[in-house]
Protein chains: 2
Amino acid sequence: MGLTKTEIFSEQQNQIAVFAKAFAHPARVAILQHLFKMDTCVCGDLVIEIGLAQPTISQHLKELKQLGLIKGNIEGTSVCYCIDQENWNKMKKVLNEFFDLDISAAGNCC
Amino acid sequence: MGLTKTEIFSEQQNQIAVFAKAFAHPARVAILQHLFKMDTCVCGDLVIEIGLAQPTISQHLKELKQLGLIKGNIEGTSVCYCIDQENWNKMKKVLNEFFDLDISAAGNCC
DNA sequence: TTGTTTCATTGCAATATTACGATATAACGA
DNA sequence: TCGTTATATCGTAATATTGCAATGAAACAA
């Protein structure tokens, strides 16, 4: 069916999945890394930097923006993107709570 | 085209994306959470616990296993799954290095 | 105004993912 | 052996994702 049954999962489980989806493509990872690397905001040189077509980059940026992980400011003809620090930290908290589930509780039968 | 151009990204970027894909579906998040919650390994009661059809759960387990995040042991007619602690920690390290990129370096133009 | 630059949107094709019914397989108990 | 139980695999349908050419829109410069 290709349709995820979100309704049978908890809000937390769905939130983890939605955040993880942001990083589930190397282009979006590359975009975010580049936004971190630049100490000032970047615009469309992501297209040159990454090597995908402009509409493709624009689409990935849109997804990251909708998730709230990045912000965009119009500056003349170009658009300046950067990390949304508040939401980035929120995402980190949600995912790390999941990652840090106590491994010692996991049995040793395998 | 639906085909990710993995060849234009670094190995690290692809690895982050591959790991993130593991958590990009709430069913897999639920499976992993359940494996953590049980202090002993679990088998196919994941099907009852989660509420998806048995083939669907089996498919998700296969993906997690191929990634190395879980291990499976045959025990009679049932199969016992549990977290692969070593690879889980490896995954955590890779993703946290990415999450902890210095936010202070990100400009404040947005 | 006209052309240029920069980015977003649209439309489409190709591939990937999700889900499940049907079926296979393998171990066990009677 | 035969039936049962537990899980995996196959096949298929539906939806999602990725990528780009073509086009649109908005700001600027001449």
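Letters A, B, ... are given to chains in the order of the sequence lines, protein chains preceding strands, and every chain is numbered from 1.
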Q) Under a 4.0 Å heavy-atom cut-off, which of residues 25-34 of chain A touch DNA chain D? A)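 Heavy-atom contacts with DNA chain D come from H25(A), R28(A).
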Q. Do L95(B) and F23(A) come within less than 4.5 Å of each other through their side chains, counting heavy atoms only?
A.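 When only atoms from C-beta onward are counted, F23(A) and L95(B) do not touch, as no gap falls below 4.5 Å.
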Give a yes or no answer on whether the side chain of [X] reaches the backbone of [Y] with a donor-acceptor pair at less than 3.5 Å.
| X | Y | answer |
| --- | --- | --- |
| D84(A) | N87(A) | yes |
| N14(A) | T6(A) | yes |
| W88(B) | I70(B) | no |

Specify the separation, in whole Å, of atom [atom1] of [X] and atom [atom2] of [N].
| X | N | atom1 | atom2 | value |
| --- | --- | --- | --- | --- |
| L46(B) | dT7(D) | CG | P | 9 Å |
| K71(A) | dC7(C) | NZ | P | 19 Å |
| E63(A) | dG19(D) | CD | P | 10 Å |
| K5(B) | dA14(C) | NZ | P | 15 Å |
| L3(B) | dA14(C) | CG | C1' | 8 Å |
| K21(B) | dT18(C) | NZ | P | 9 Å |
| L61(A) | dG19(D) | CG | C1' | 15 Å |
| Q66(A) | dA16(D) | CD | P | 14 Å |

Q: Would you mind classifying the nucleic acid contact of I57(B) as base, sugar-phosphate or nothing, using non-hydrogen atoms under 4.0 angstrom?
A: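 Nothing, no nucleic acid heavy atom in range.
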Q. When all nucleic acid strands are considered with a 4.0 Å heavy-atom cut-off, which category describes K65(A): base, sugar-phosphate, or nothing?
A.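 Contact class for K65(A): none.
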Q: Would you kindly compare S58(B) and T4(B) by the position of their nearest DNA chain D nucleotide and give the one closer to the 5′ end?
A: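 Here S58(B) is the residue nearer the 5' end.
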Q. Excluding sequence neighbours, so at least two apart, what forms salt bridge (charged side-chain N to carboxylate O under 4.0 Å, His left out) with E63(B)?
A.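 Salt bridge (charged side-chain N to carboxylate O under 4.0 Å, His left out) check on E63(B) returns R28(B).
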Q: Return the angle between end axes of the helix from dT1(C)-dA30(D) to dA30(C)-dT1(D), with five pairs used per end and rounding to 10°.
A: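 Both end axes considered, the difference amounts to 10°.
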Please find the pair of heavy atoms, one from [X] and one from [Y], that lie closest to each other, and give the distance.
| X | Y | result |
| --- | --- | --- |
| F99(A) | K92(B) | O-CD, 3.4 Å |
| P26(B) | T4(A) | CG-CG2, 3.8 Å |
| G51(B) | I8(A) | O-CD1, 3.9 Å |
| A27(B) | I50(B) | O-CD1, 4.1 Å |
| A24(B) | A24(A) | CB-CB, 4.4 Å |

Q) According to a strict under-4.0 Å criterion, is Y81(B) in side-chain N/O contact with OP1 or OP2 of dA6(D)? A)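 It does not, given that no N or O in the side chain of Y81(B) lies less than 4.0 Å from OP1 or OP2 of dA6(D).
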Q: Establish, with yes or no, whether the OP1 or OP2 oxygen of dG19(D) is under 4.0 angstrom from a side-chain nitrogen or oxygen of H60(A).
A: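 For H60(A), the contact criterion (side-chain N or O under 4.0 Å from OP1 or OP2 of dG19(D)) is met.
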**Q.** Residues that E97(A) engages under side chain to side chain donor-acceptor pair (under 3.5 Å), provided they are two or more places apart
**A.**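 Once residues adjacent in sequence are excluded, E97(A) has no partner under the side chain to side chain donor-acceptor pair (under 3.5 Å) criterion.
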Q | Contacts of type side chain to side chain contact (heavy atoms under 4.5 Å, CB included), residue T77(A), not counting sequence neighbours | A |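 Testing T77(A) for side chain to side chain contact (heavy atoms under 4.5 Å, CB included), a comparison that skips the adjacent residues, returns none.
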Q) Out of dT7(D), dC20(D), dT9(C), which has the shortest distance to the side chain of K62(A)? A)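 From the listed options, dT9(C) comes nearest.
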**Q.** Per A53(B) side chain, nearest of listed nucleotides dT18(D), dC20(C), dT9(D)
**A.**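 Looking only at side-chain atoms, A53(B) lies closest to dC20(C).
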Q) Quick one: what's the B/S/- string for nucleotides 22-28 of chain D, heavy-atom cutoff under 4.0 Å, read 5' to 3'? A) B----BS
